[in-house]
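Inspection log for the structure reproduced underneath, given as structure tokens.
Lettering follows sequence order; numbering is per chain, from 1.
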There are 2 protein chains.
Amino acid sequence: MSSHIEENYLKAIYKQTERNKDGAYTNDIANELNVKAATVTEAFKKLGDKGLIFYEKYKAVTLTDQGRAVAVKTIRKHRLWEVFLVEKLGFKWDEIHPMAEELEHVNFEELTERLAKFLGNPEFDPHGDPIPDKNGKFAQNKSVKLTAINIGKTVAMTGIENHTPSFLQHLDKLGLKLGAEITIKDVVEFDQSILVSVNNKKEFYLSQEIANNILCK
Amino acid sequence: MSSHIEENYLKAIYKQTERNKDGAYTNDIANELNVKAATVTEAFKKLGDKGLIFYEKYKAVTLTDQGRAVAVKTIRKHRLWEVFLVEKLGFKWDEIHPMAEELEHVNFEELTERLAKFLGNPEFDPHGDPIPDKNGKFAQNKSVKLTAINIGKTVAMTGIENHTPSFLQHLDKLGLKLGAEITIKDVVEFDQSILVSVNNKKEFYLSQEIANNILCK
DNA sequence: TAATAATTTTAGGTTAAGCTAAATATTTAA
DNA sequence: TTAAATATTTAGCTTAACCTAAAATTATTA
Ligand SMILES: [Mn+2]
Ligand SMILES: [Mn+2]
Ligand SMILES: [Mn+2]
Ligand SMILES: [Mn+2]
């Protein structure tokens, strides 16, 4: 299994396990990576043989320490390149994911570490996601969903839980970027949408669906 | 044929054709890419079918316009990343080739063009090799080999014809980097080695072998 | 120019990573 | 608690990119 492909499987398993700590099911990964379930079963067998995941037929898989290390390193590379693309090359946050998806597979430890230093050892990527350090440690960010904030409170936007370009572009249009000060003005009982003001300026309604995908603290 | 592999073949054919305008022979490419001759024959057939090279059995192959465009774009990406690695990340010129060899295959036109701009649209890479512009045009650099310079003349070092780490490291040790002012003090009749001074300071002998791999103007 | 050497191609095989269709196992719901 | 639905695995195929060994072609040299 080429390292490129291996890294994509391990990263997908890592992310799925973050959502559901049982682990990752065949279908989860098939959907994430746009391959068929049968293909994933084969991949699971090989990753199991290599000691990168725990695999038992019909059970959700989880990462071994070794597998997790590969996944976390890949995430580190991905997020560092995303910072590079935004901070140095001026891309917008909705444009960078596909490029980082390729750059993350260039494997030279010295390159990664020098890139990190060049960027000032950032702790968060342009989407507010934490960048693990070279030992695999993530900065703790105890953010909560915007839907959990009470009326009257003001919070700072720290991240998002949906990375699709359409969601990101919509946030841009609303002036909602990382660091924005959001005040909860009201909650509509009928549909749970919320009335917010941003940086004490613009005021508008956000659907529950949107508010659920915004993290803050 | 994955684009990654295709680009490596086309780049190798391009470079070989620069050396020998007949084109590239099966064995040339097999040696360059560390694969067997039979593998190259197969690749030639596929590249021929795709309209990227002109292939006739037992003849040297040459690039079509389309194939040349891919090769030149790959060279552009390679050399831009080399500039990045040296100028921004502080790598030395003997360390960068393997990393650029991977980075060159990340294919997003906008990324390449923004990288170029970020680097100040450089015309030469850290080895003095010209970087084609986005239309595939190379800056003309009419450099000549150091062995072609007469006694008494002073020239500026502009490039090299050998990119091995050991050669590059040796040049470093001698203080010979791009831009260095080299004065030809003497030519030894016995072995054609030359006595040079660098930046009017150090003076030493260079074997013909070495002098042949140094370009200047 | 004929024999030898070198190069290239062909034939046949392997491995990785994907696929579809069918078989099997697990989960859900009547 | 069985039947139906869903999920996973197995079996068998395909394609790309490599390989070795043998055959064919081209180039060199005696
Ligand atoms: Mn990826
Ligand atoms: Mn991100
Ligand atoms: Mn390459
Ligand atoms: Mn170079």
Side-chain angles (χ1 to χ4, degrees), chain A residues 1-13 15-17 19-63 67 70-71 74 101-102 104-105 107, chain B residues 1-13 15-17 19-63 67 70-71 74 101-102 104-105 107:
Chain A
M1 215 174 207
S2 94
S3 171
H4 178 121
I5 304 235
E6 206 165 274
E7 287 177 335
N8 284 342
Y9 277 103
L10 295 171
K11 192 160 62 105
I13 294 165
K15 291 201 165 172
Q16 184 54 31
T17 308
R19 274 179 238 128
N20 172 358
K21 65 188 156 106
D22 282 3
Y25 286 95
T26 308
N27 264 350
D28 297 331
I29 303 305
N31 293 334
E32 173 80 15
L33 299 184
N34 290 301
V35 295
K36 301 296 163 177
T39 303
V40 173
T41 299
E42 289 207 343
F44 280 1
K45 280 192 219 158
K46 285 182 195 160
L47 292 169
D49 291 347
K50 276 203 178 186
L52 295 164
I53 64 173
F54 296 108
Y55 173 60
E56 284 183 84
K57 273 191 195 179
Y58 296 103
K59 297 243 184 85
V61 303
T62 53
L63 296 169
V70 173
T74 306
E101 203 58 47
E102 300 301 317
E104 71 187 0
H105 303 298
N107 284 316
Chain B
M1 212 173 209
S2 94
S3 171
H4 178 120
I5 304 239
E6 205 165 275
E7 286 177 335
N8 283 343
Y9 277 102
L10 295 170
K11 192 160 63 108
I13 294 165
K15 291 200 164 171
Q16 183 54 31
T17 308
R19 275 179 236 125
N20 173 356
K21 65 186 155 107
D22 281 4
Y25 286 95
T26 307
N27 265 350
D28 297 331
I29 302 307
N31 293 333
E32 173 81 16
L33 298 184
N34 291 300
V35 296
K36 301 295 164 181
T39 304
V40 173
T41 299
E42 287 206 344
F44 279 1
K45 279 192 220 158
K46 284 182 195 160
L47 292 169
D49 290 347
K50 275 203 179 185
L52 295 164
I53 64 173
F54 296 108
Y55 173 59
E56 284 182 85
K57 272 190 194 180
Y58 297 102
K59 296 244 183 87
V61 304
T62 53
L63 296 168
V70 173
T74 306
E101 203 58 46
E102 300 301 317
E104 72 186 1
H105 303 298
N107 284 315

Discussion item. Taking the nucleotide of DNA chain C with the nearest heavy atom to each, does Lys59(B) or Glu42(A) sit closer to the 5' end?
Written reply: Lys59(B)
Discussion item. With nearest nucleotide decided by heavy atoms, which residue, Ala38(A) or Tyr55(B), maps closer to the 5′ end of DNA chain C?
Written reply: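 Taking each residue's closest nucleotide, the earlier one in sequence belongs to Tyr55(B).
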Any [X] side-chain nitrogen or oxygen under 4.0 Å from OP1 or OP2 of [N]:
X        : N       : result
Lys45(A) : dT10(D) : yes
Thr41(A) : dT10(D) : no
Lys57(A) : dT10(D) : yes
Asn27(B) : dA6(C)  : no
Tyr9(B)  : dC18(D) : yes
Thr39(A) : dC19(C) : yes

Rounded to the Å, how far apart are [X] [atom1] and [N] [atom2]?
X        : N       : atom1 : atom2 : value
Leu47(B) : dA16(D) : CG    : P     : 12 Å
Asp49(B) : dA17(D) : CG    : P     : 13 Å
Glu7(A)  : dA17(C) : CD    : P     : 12 Å
Ile29(A) : dA7(D)  : CD1   : P     : 15 Å
Lys36(A) : dA17(C) : NZ    : P     : 19 Å
Gln16(A) : dA7(D)  : CD    : C1'   : 14 Å
Ile5(A)  : dA16(D) : CD1   : C1'   : 12 Å
Asn31(B) : dA6(C)  : CG    : C1'   : 13 Å

Discussion item. What's the closest nucleotide to the side chain of Ala37(A) if the choices are dT9(D), dC18(D), dT26(D)?
Written reply: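 For the Ala37(A) side chain, the nearest candidate turns out to be dT9(D).
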Worksheet item: What's the verdict on side-chain contact (heavy atoms from CB on, under 4.5 Å) for Asn8(A) and His105(A), showing C-alpha distance, side-chain angles and the deciding distance?
Response: CA-CA 9 Å; Asn8(A) 284 342; His105(A) 303 298; 2.9 Å; yes
Practice prompt. Decide side-chain contact (heavy atoms from CB on, under 4.5 Å) for Ile53(B) and Leu10(B); before the verdict, give the C-alpha distance in whole Å, the side-chain angles of both, and the deciding distance to 0.1 Å.
Written response: CA-CA 8 Å; Ile53(B) 64 173; Leu10(B) 295 170; 3.9 Å; yes
Discussion item. Under the criterion side-chain contact (heavy atoms from CB on, under 4.5 Å), I'd like the reasoning laid out for Tyr9(A) against Val35(A): C-alpha separation, chi angles, the key distance, then a yes or no.
Written reply: CA-CA 11 Å; Tyr9(A) 277 103; Val35(A) 295; 3.9 Å; yes
Worksheet item: Which pair of heavy atoms, one from Gly23(A) and one from Thr17(A), lies closest together, and at what distance?
Response: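 Shortest heavy-atom separation between Gly23(A) and Thr17(A) comes out as CA-OG1, 3.8 Å.
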Item to complete: Apply salt bridge (charged side-chain N to carboxylate O under 4.0 Å, His left out) to the pair Lys11(A) and Glu32(A), showing each step before the final yes or no.
Response: CA-CA 10 Å; Lys11(A) 192 160 62 105; Glu32(A) 173 80 15; over 6 Å; no
